[in-house]
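Written below as structure tokens is the structure these notes are about.
Owing to the predicted nature of the structure, the values given are computational and were not obtained by experimental measurement.
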Amino acid sequence: MPTDESASAPCQPYYVRTFSKPTVELFEAALPTLKEESRQCIENLLNYRARHTQAKFPRSQSAAVLVPLFIGRAGDLYVLLSRRSASLRQYAGDTALPGGKVELQDITVEDTARRETFEEIGLVPDRERVPLLCVMEPFLAGNQMVVTPVVVLILDNTMQPSLNESEVTSIFSQPLASFLASSFPFHPYRIPDPSIPYHTTTEWEWSGGGRIRMHSFLTGREADGVKPVFGFTASILIYVAILGYRRAPDFELQPPNAPTQAQQIACALLTPSNPLRLACEGEGIDTSLNSGTDMIEWDKSGRERENAGRQSGQNERKDGDAKL
């Protein structure tokens with residue numbers, strides 16, 4: 001009598017189904033120290049797929065940042081952050097994620113994020129030692145630049161940074177889960193003035209109606225001149241943590257009338273004088289198509305998980321998302 005072997009066969013771990021063999025070996029070497037919460041976070045990010053949209057963005061106003069995660073000694077997930085050089089013309093001295101604008105040779109936003117990160121901190125764009133976890137929906141930076149976060153996992157702890165001192169002064173790490181907390185994730189003695197709250201917010205009126213709230217988190221390195229994680233960078237890390245840990249922060253993320261990122265992008269595309277709109281016109285992109293309902297609702301329904309590129313028996317992930 002025939003038997004269904006597939007029914008009795010043990011299910012392969014998610015990383016075996018997703019990664020190439022060299023990456024699987026690196027991942028399994030890290031498993032003994034990996035906390036269950038961290039393992040689930042990695043799996044959730046791997047399963048995440050940003051919803052596809054018909055919207056097209058001008059390359060001249062497009063950028064990408066890398067969100068480099070790694071497993072700490074105690075099994076928690078940390079994110080690698082950089083302190084921008086004080087000599088830079090924009091955002092000098094800020095705490096930031098590595099990244100930058102799209103260039104001609106980039107085919108996907110992942111290419112942009114990896115190339116810029118290598119140029120800034122020397123993280124080799126090796127997809128086996130630093131595999132892709134997910135590509136998120138884009139954010140609007142400075143009301144004019146579309147920036148897509150690309151989340152990766154550094155598995156090879158022998159990799160050494162090589163800082164481009166003209167762009168980056170130093171790098172450090174912070175627990176990813178700390179961006180869901182309003183209290184100190186580290187001992188207050190690391191803060192020059194312990195009376196200063198770890199998490200603060202500021203709000204302002206949005207031109208399209210409603211209010212936008214921006215968040216700021218101390219790093220514990222303020223005594224060394226390191227600025228808090230704030231604004232655009234903080235927003236990205238909050239959303240990555242929400243997606244990964246599948247829980248809400250212990251603070252209110254946005255006011256009830258806050259616009260979504262997709263609505264902010266759509267408003268910029270509809271504003272005649274906005275650099276994003278002007279770049280669309282210069283590159284022959286029809287902004288009337290970009291501002292449709294699908295664009296407005298993009299991130300409201302952007303929690304779909306697809307199985308594209310993760311078919312049965314396929315070890316190597318194919319990332320067809322977010323082509324430029």
Side-chain angles (χ1 to χ4, degrees), residues 49-67 84 88-92 94 96-117 119-120 134-150 167 203-214 231-233 235-236 239 254 257-302 304 319-324:
R49 293 294 185 277
R51 184 171 182 263
H52 290 279
T53 177
Q54 297 301 312
K56 294 182 180 179
F57 305 118
R59 292 177 67 94
S60 60
Q61 290 297 117
S62 295
V65 293
L66 200 74
V67 183
R84 289 171 59 86
L88 291 172
R89 288 181 298 174
Q90 292 184 313
Y91 310 112
D94 283 2
L97 293 163
K101 294 186 69 173
V102 169
E103 294 187 358
L104 287 174
Q105 68 268 33
D106 300 330
I107 299 174
T108 69
V109 287
E110 183 185 357
D111 294 336
T112 302
R114 288 185 183 272
R115 175 185 52 74
E116 286 283 342
T117 302
E119 292 173 3
E120 290 180 19
C134 68
V135 175
M136 298 177 64
E137 285 92 349
F139 284 66
L140 186 67
N143 199 37
Q144 60 180 312
M145 182 72 66
V146 176
V147 183
T148 304
V150 177
E167 296 190 49
E203 291 186 14
W204 64 83
E205 296 289 336
W206 182 52
S207 60
R211 295 181 66 83
I212 294 177
R213 177 177 296 151
M214 301 303 288
F232 171 72
T233 299
S235 296
I236 290 175
Y239 277 104
Q254 290 292 339
N257 62 349
T260 66
Q261 285 294 326
Q263 289 170 330
Q264 293 177 52
I265 293 173
C267 183
L269 289 168
L270 289 171
T271 303
S273 60
N274 189 285
L276 185 60
R277 170 66 176 264
L278 297 175
C280 284
E281 295 172 356
E283 296 181 27
I285 297 173
D286 187 351
T287 55
S288 64
L289 297 178
N290 282 344
S291 58
T293 303
D294 185 51
M295 179 64 191
I296 298 284
E297 300 297 323
W298 182 2
D299 69 344
K300 286 186 178 180
S301 56
E304 294 182 356
D319 181 48
D321 294 340
K323 283 200 167 46
L324 295 165

Which value, rounded to the nearest 0.5 Å, describes the distance between D106 atom CG and R114 atom CZ?
12.5 Å
Indicate the atoms forming the closest heavy-atom contact of P149 with V67, along with that distance.
CB-CG2, 4.3 Å
Can you give me every donor-acceptor pair (side chain of residues 205-212, partner residue at least two apart or in another chain, under 3.5 Å) with its distance?
unit_1: E205; atom_1: OE2; unit_2: R211; atom_2: NH1; d: 2.5
unit_1: R211; atom_1: NE; unit_2: E203; atom_2: OE1; d: 2.9

State, to 0.1 Å, how close I285 and K56 come at their nearest heavy-atom pair, and which atoms those are.
CG2-O, 3.8 Å
Nearest 0.5 Å, what's the CD-CG distance between E110 and L66?
8.5 Å
Output every pair passing side chain to side chain donor-acceptor pair (under 3.5 Å) with a member in residues 272-285, not counting sequence neighbours, ordered by first then second residue.
S60-E283, R277-E281, R277-T287
For the pair E103 (side chain) and T112 (backbone), establish whether a donor and an acceptor sit closer than 3.5 Å, ignoring hydrogens and angles.
no
Is there a donor-acceptor pair under 3.5 Å between the side chain of Q61 and the backbone N or O of Q144?
yes
Heavy-atom closest pair, residues C280 and P58:
SG-CD, 3.5 Å
Any idea which heavy atoms bring I265 and P138 closest together, and the distance?
CD1-O, 4.0 Å
With E167 via side chain to side chain donor-acceptor pair (under 3.5 Å) - residues at least two apart
N164
Taking all heavy atoms of L140 and all of Q261, pick out the closest pair and write down the distance.
N-OE1, 2.9 Å
Determine yes or no for a side-chain-to-main-chain donor-acceptor pair under 3.5 angstrom, with D111 supplying the side chain and I107 the backbone.
yes
Any heavy-atom pair between the side chains of M214 and S235 that's under 4.5 Å?
yes
Minimum heavy-atom separation for K101 and A63, please, with both atom names.
CA-CB, 3.8 Å
Can you tell if the side chain of V65 reaches within under 4.5 Å of the side chain of F139, non-hydrogen atoms only?
no
